[in-house]
Amino acid sequence: MRKLAHYFIPYLLPLVLLLGLVYGQTWTTLALPNYMATIIDNGVVARSTRVIYHTGLLMILVALLGGVFMVCVSYVATRIATSYTKRIREAVFTKVERFSLVEFNSFSSASLITRSTNDVQQIQQVLVMLLRLAFLGPFMAVGAIIKAYHLAPSMTWIMAVAIASLLLVVISLFTIVLPRFQKVQKLVDRLNLVTREFLTGIRVIRAFDRQKLEEDKFNDVNKDLRTINTFVNRLLAAMQPSMMLIMNGVSVLIVWVGAHEVSSGRLQIGGMLAFVQYAAYGIMAFLLISIIFVFAPRAMVSAERIGKVLDTKPAVADPLVSNKSITSERGIVSFKDVTFTYAGADRPVLEHVTFQALPGETTAFVGSTGSGKSTLINLIPRFYDVSEGQVLIDGVDVRDMTQADLHRKIGYVPQKAVLFSGTIGSNITYGAPNATPFELEHSASVAQATEFINLLDSKMESPISQGGINISGGQKQRLSIARALAYKPEIYIFDDSFSALDFATDAKLRKALEKETVDKTVLIVAQRISTIMHADNTIVIDNGRIVGQGRHDELLKTCKIYQEIAHSQLSEKELDASVGTFETQGSGAAI
Amino acid sequence: MSDERPPTPRPVNLGMGRGPGSGRGGIAFGTERAKNFKGTMKLLFKYLRPYWARLAIVFVFAIISTSFMIAGPKLLGDMTNDVVDGYVAQRTSAQVFSKLPLGTKLPANITGEQLLTRLPTNELQKIPAAEKSAISQVNFNNGHARFNFHSISDLAILLVIIYLVSAGFSYAQSWLMTDMVQQLTYRLRHDIAHKIDHLPLKYFDSLPYGEILSRVTNDVDTVGQNLNQSLTQIITSVVMIIGVIGMMFTISWKLALVALTMIPISLGLSTLIIKRSQGYFMGQQDSLGELNGHVEEMFSGHVVMRAFNGEERSIGIFRELNEKLYGNAFRSQFLSGLLMPITQFVGNLGFVGVAVGGGWLAVQGSVSIGGIQAFLLYINLLNQPITQAANVANVLQLAAAAAERVFDFLGEEEESPDPAKAKIIDGVKGIVDFDHVKFGYLADKTIINDFTAKIKPGQRVAIVGPTGAGKTTMVNLLMRFYDVDDGSIKIDGIDTRDMKRAEVRKIFGMVLQDTWLFNGSVKDNIAYGKDNATMEEIVAAAKAAHADGFIRALPGSYEMVLDEEAGNLAQGEKQLITIARAMLADPPMLILDEATSSVDTRTEVLIQSAMERLMKGRTSFVIAHRLSTIRNADLILVMRDGNIVEHGTHNKLLKENGFYASLYNSQFTEAIDYMQGA
């Protein structure tokens with residue numbers, strides 16, 4: 001929240017200007033009834049057309065000036081609100097772009113999206129409204145009361161009555177209605193939930209012939225919603241009539257009391273009419289003020305949510321002095337006694353993990369879901385930082401490098417292929433914008449993407465829509481692999497990234513990859529034993545610990561967990577055969 | 001992910017809507033237009049038909065309330081005139097007395113007229129004509145002229161009554177309207193839910209469910225809100241404008257002409273602003289959409305963006321989009337924000353015009369001071385309906401666009417009704433006949449061509465093929481989620497199309513990978529498939545499905561309420577619960593999906609054992625992922641690109657040396673695992 005206020009500092013001067021303009025607007029608006037009083041008392045009653053013309057001219061000038069003020073107020077208020085929102089929007093986005101997965105996990109990416117879009121937009125809307133109306137309210141209220149007092153001090157109590165009855169209506173309505181608004185919101189959420197279940201479960205519901213039940217469930221919520229909405233809206237419907245009643249009642253009261261004042265010589269006719277206008281302005285002003293209390297809380301919620309993002313310090317930061325490797329080797333990944341605990345968890349996901357992955361070798365990680373293998377992989381590009389121990393690349397702790405330098409070394413292929421809107425070509429060269437057309441074609445061909453790309457109308461220039469929804473999962477994965485290849489990294493990380501490929505493509509792809517990565521370090525995570533049977537080194541992880549390390553045939557003999565996993569996936573015969581195949585194939589480093 | 005996805009920008013009601021302070025009238029800035037405005041309105045009025053009497057009352061009440069409201073200022077003007085008369089009389093009599101010799105007593109009940117006739121002619125000539133007429137109107141009752149407080153008080157009481165009546169009718173009208181709109185939205189939602197029940201699955205498979213969801217909530221709300229606003233506004237605005245103009249002319253046609261010049265100015269400016277800002281508003285929505293798209297894309301692909309050092313580029317793009325949004329947002333907000341100041345400004349000009357023109361006319365004697373005051377109040381009353389009139393078309397368009405989407409949905413073609421004389425199978429044996437089945441999702445693209453097979457009771461059918469090969473097509477046809485185009489599927493010799501859909505579905509138990517559990521207790525979720533299941537039966541089913549163990553470890557055990565999307569259970573646990581559900585329903589035949597992705601090895605073993613137990617003695621269709629299941633199946637259906645390319649037993653298919661053989665021979669399970677992958 002303090003950060004949000006901080007971003008407002010450049011707008012303090014415009015804000016002062018705005019206050020001045022609002023003052024001007026108030027002054028011109030409130031001046032008019034006084035002039036009118038002059039016209040009536042000194043013009044009409046005294047029968048002086050000269051006074052009427054003279055005052056009329058002044059009135060027109062004041063009204064025009066008022067118009068100018070109003071437009072200026074609107075201009076400055078909108079400028080401040082939209083420009084401030086622009087700043088906030090950029091601040092939030094830039095901040096989030098530097099977040100690590102720690103922050104993404106604690107906020108969730110969906111929530112971060114909402115915060116930097118909807119919440120910021122909400123602030124803009126409320127800010128525009130508040131800047132335009134909020135200041136006007138208090139200025140107008142004070143001004144109207146002062147003017148009324150000057151006209152007839154003895155009648156100022158009518159202003160008090162007017163404002164008090166207004167506040168009474170507004171406050172009593174709000175105290176009844178506001179808590180029920182939350183209930184309405186809850187029911188709307190519930191309606192959404194029930195409908196979503198209805199739609200996502202449509203097959204199961206029909207399978208069990210439960211449509212009637214679901215319809216009833218829906219209608220129960222629907223009825224509740226109708227009941228509470230009817231109640232709330234009936235109350236709110238009282239708002240406008242009672243406002244009008246107060247306004248009009250006060251006018252009558254003023255003329256009635258005013259008659260006595262005029263008769264006793266304390267008030268003039270024109271003054272009485274002006275008083276009616278001031279009372280109306282006073283009531284309006286308090287209405288404006290009460291609006292602040294409706295809208296401000298909405299913005300406050302959004303502001304708090306944004307403030308939380310801005311106040312978060314990324315868990316992963318660049319070092320002050322970056323360190324470059326001194327060895328000539330390129331791509332040695334080593335874990336030294338690494339322990340990692342997720343923020344807020346009481347148990348570490350990884351404990352005392354030590355291993356080394358060398359260039360020219362394929363290192364595989366296997367283990368059941370939740371064993372920690374994906375987490376382990378994520379420590380290399382510093383999506384998380386270790387809790388204890390060290391991750392080293394070519395002898396340098398990854399925390400001693402800048403993230404840009406570190407990421408330059410790593411070609412990362414995620415589990416879920418992510419593509420960005422643009423073209424096929426722009427996606428492949430995402431990491432290497434300066435890649436030559438030859439490099440682009442080559443990467444695509446290694447990733448077995450050429451064939452399907454050539455079938456598309458615009459080949460490499462074919463558009464990819466947001467999220468890549470216009471191409472299939474397998475095609476996405478191939479492009480995601482091509483992207484890593486075009487990047488020409490020292491280290492490849494494949495996080496279970498062949499799952500959507502069909503067999504033939506997969507075989508071809510892995511053969512081509514083998515040549516491409518011959519002197520690179522390849523790390524590969526897999527669910528299935530068959531995927532990693534031919535790795536040079538397989539690391540078996542269970543409950544965050546390394547429980548076995550070696551080749552497929554060695555592990556089958558030595559590692560109990562590996563055996564368990566293997567047996568749950570392959571039959572005896574296949575296992576025997578796999579060892580046989582492996583032996584006959586020799587040390588072919590297939591992925 | 002989809003839960004918190006920011007909704008696509010929809011037209012925003014920038015006014016205060018139904019909220020407090022709606023006196024100014026919300027201004028709706030919409031970018032949507034109904035494709036068929038007239039037709040949609042017709043349908044909407046059809047929905048309103050049951051309420052025609054109530055609607056008529058609403059209109060009558062609105063007219064009464066507005067008429068009383070209009071009567072107010074004129075009467076208040078009369079009241080002011082009484083004050084003015086009193087004031088003038090008081091002043092005149094004071095002047096008269098000041099000119100009369102001290103101690104002069106006037107005769108009782110003498111009028112000004114009579115007084116003037118009694119004055120000597122030379123005195124009379126000294127008095128200016130204006131004063132003479134003033135004196136002639138004064139009533140000197142027993143001395144000094146006084147205020148007629150009786151008349152003033154009577155008028156005050158009358159006014160209070162009039163305003164009370166007006167407020168009363170106004171409230172009654174809003175109340176009725178609100179109730180009606182709530183009932184309308186209720187009925188629309190009710191009909192939508194009913195419609196969901198009767199639409200073919202084809203419809204749901206072709207449309208993201210978020211779309212239907214937004215019709216249930218957003219669109220129905222939009223219809224209700226805008227209808228509430230526009231219907232009453234139309235009637236009150238029209239009555240108000242006509243009534244006020246009429247009153248103005250009865251007071252002074254000259255002043256009326258002065259005051260009414262503000263109407264075209266105000267109307268013109270409002271329309272201009274609303275029109276122009278529509279365009280800017282669209283611009284704002286567009287650039288907001290672009291920017292949100294970029295944010296969404298970058299945040300959901302955050303890891304990849306970071307891994308390939310894309311931060312600077314991403315921020316660069318963002319800055320550009322943000323700058324564009326800023327420009328559009330400023331223009332649209334500034335322009336739409338001008339509406340209020342402009343109407344107020346024109347109102348002020350009207351105020352000045354009436355004050356000056358009225359003053360001048362009052363000096364001429366053709367308008368009274370009370371008349372001026374009435375005019376000032378009438379100008380205030382006119383301000384709001386004029387803005388509303390400029391806006392009402394917009395509000396109606398918004399309502400129509402939303403209503404059109406709702407009606408489009410309600411008008412979708414429904415499933416063919418169940419046959420009138422539906423056949424029922426007693427004691428299902430479990431024979432399934434595929435008799436020359438032809439089927440395609442699209443009319444011109446047949447994917448199952450003349451498939452014939454006979455499955456005997458208790459046999460096991462394995463459905464095999466790569467991801468996206470259309471394995472769920474078999475589920476769709478067996479369960480009659482879709483109907484075959486040609487040929488037939490028979491159960492125990494009866495064509496499933498001759499049975500009620502519900503009866504067909506009851507025959508099958510279905511356990512799919514995409515588990516569906518609802519927001520309710522574990523117990524209720526298991527009991528979903530069987531009416532009045534006892535607790536013993538539920539526990540027995542859970543035990544058979546190996547689910548009892550973990551359920552008892554849950555907080556609240558069987559009573560634990562599952563979160564939305566059952567987020568508080570692991571995927572494997574969810575699968576076990578769906579197995580228990582099928583177990584309890586005890587169907588004669590089964591449709592299973594073996595896939596157990598994102599399940600750890602130990603739970604996987606449990607799931608397999610539970611499925612094995614479930615299949616025992618039942619004709620089963622298995623979307624198979626395990627080799628043992630495939631090898632032991634009585635019939636294997638091999639699917640590729642939606643087609644059943646081969647079918648037969650394992651040995652037969654291997655001998656044929658076709659697609660299946662190549663699948664099987666390629667590196668053991670790997671191939672199949674890959675192709676069926678998660």
Fill in the blank from the handout: Under 4.5 Å to a heavy atom of chain A? For B:A156 that would be both
Problem - Between OH on residue B:Y186 and CG on residue A:N222, distance to nearest 0.5 Å - result: 5.5 Å
Exercise for the section: State which residues pass side-chain hydrogen bond (donor to acceptor under 3.5 Å, both in side chains) with B:N380; sequence neighbours excluded, sorted by chain then number. Expected result: none
Handout entry: Interface moiety of A:Y412 toward chain B, non-hydrogen atoms closer than 4.5 Å
Key = both
Handout entry: B:M305 side chain reached by A:F420 side chain, heavy atoms, under 4.5 Å
Key = yes
Exercise for the section: Look at A:K212, A:M243, A:E214 and state which one has the largest set of heavy-atom pairs under 4.5 Å with chain B. Expected result: A:E214
Completion exercise
From the list B:S153, B:G72, B:P73, the residue making the most non-hydrogen contacts under 4.5 Å with chain A is B:S153
Handout entry: Pairs of heavy atoms under 4.5 Å with chain A: top-ranked of B:T185, B:V363, B:L155
Key = B:V363
Practice task
Select one option (side chain, backbone, both, neither) describing which atoms of B:I162 are under 4.5 Å from chain A's heavy atoms.
Solution key: neither
Problem - Between A:M36, A:Q403, A:E215, the one whose heavy-atom pairs under 4.5 Å with chain B are most numerous - result: A:E215
Problem - Structural part of B:M177 lying under 4.5 Å from a heavy atom of chain A - result: neither
Problem - Residue B:S65 versus chain A: region with a heavy atom under 4.5 Å - result: neither
Practice task
Over 60° means perpendicular and under 30° means parallel, so classify the ring planes of A:F104 and B:F299, tilted if in between.
Solution key: perpendicular
Exercise for the section: May I ask you to name which of B:G301, B:A502, B:S170, B:A193 has the most heavy-atom pairs under 4.5 Å with chain A? Expected result: B:A193
Handout entry: Contacting region of B:L325 [heavy-atom separation from chain A under 4.5 Å]
Key = side chain
Handout entry: Backbone N/O of A:Y430 and side chain of B:R313: donor-acceptor pair under 3.5 Å
Key = yes
Fill in the blank from the handout: So, the part of B:N476 with a heavy atom under 4.5 Å from chain A: the answer is side chain
Practice task
Measure distances from B:F149 to the heavy atoms of chain A and classify the residue's part below 4.5 Å as side chain, backbone, both or neither.
Solution key: side chain
Handout entry: Nearest-0.5 Å distance that lies between atom CD1 in B:I315 and atom OG1 in A:T94
Key = 4.5 Å
Problem - B:D197 backbone acceptor or donor facing A:R206 side chain under 3.5 Å - result: yes
Fill in the blank from the handout: Whatever's closer than 4.5 Å to a heavy atom in chain A on B:T178 counts as side chain
Handout entry: Modelled atom types, side-chain donor and acceptor of A:Q240 and B:S174, under 3.5 Å
Key = no
Handout entry: Residue pair A:R234 / B:Y171, side-chain donor-acceptor N/O under 3.5 Å
Key = no
Handout entry: Centroid-centroid distance, A:Y75 to B:F330, less than 6.0 Å
Key = yes
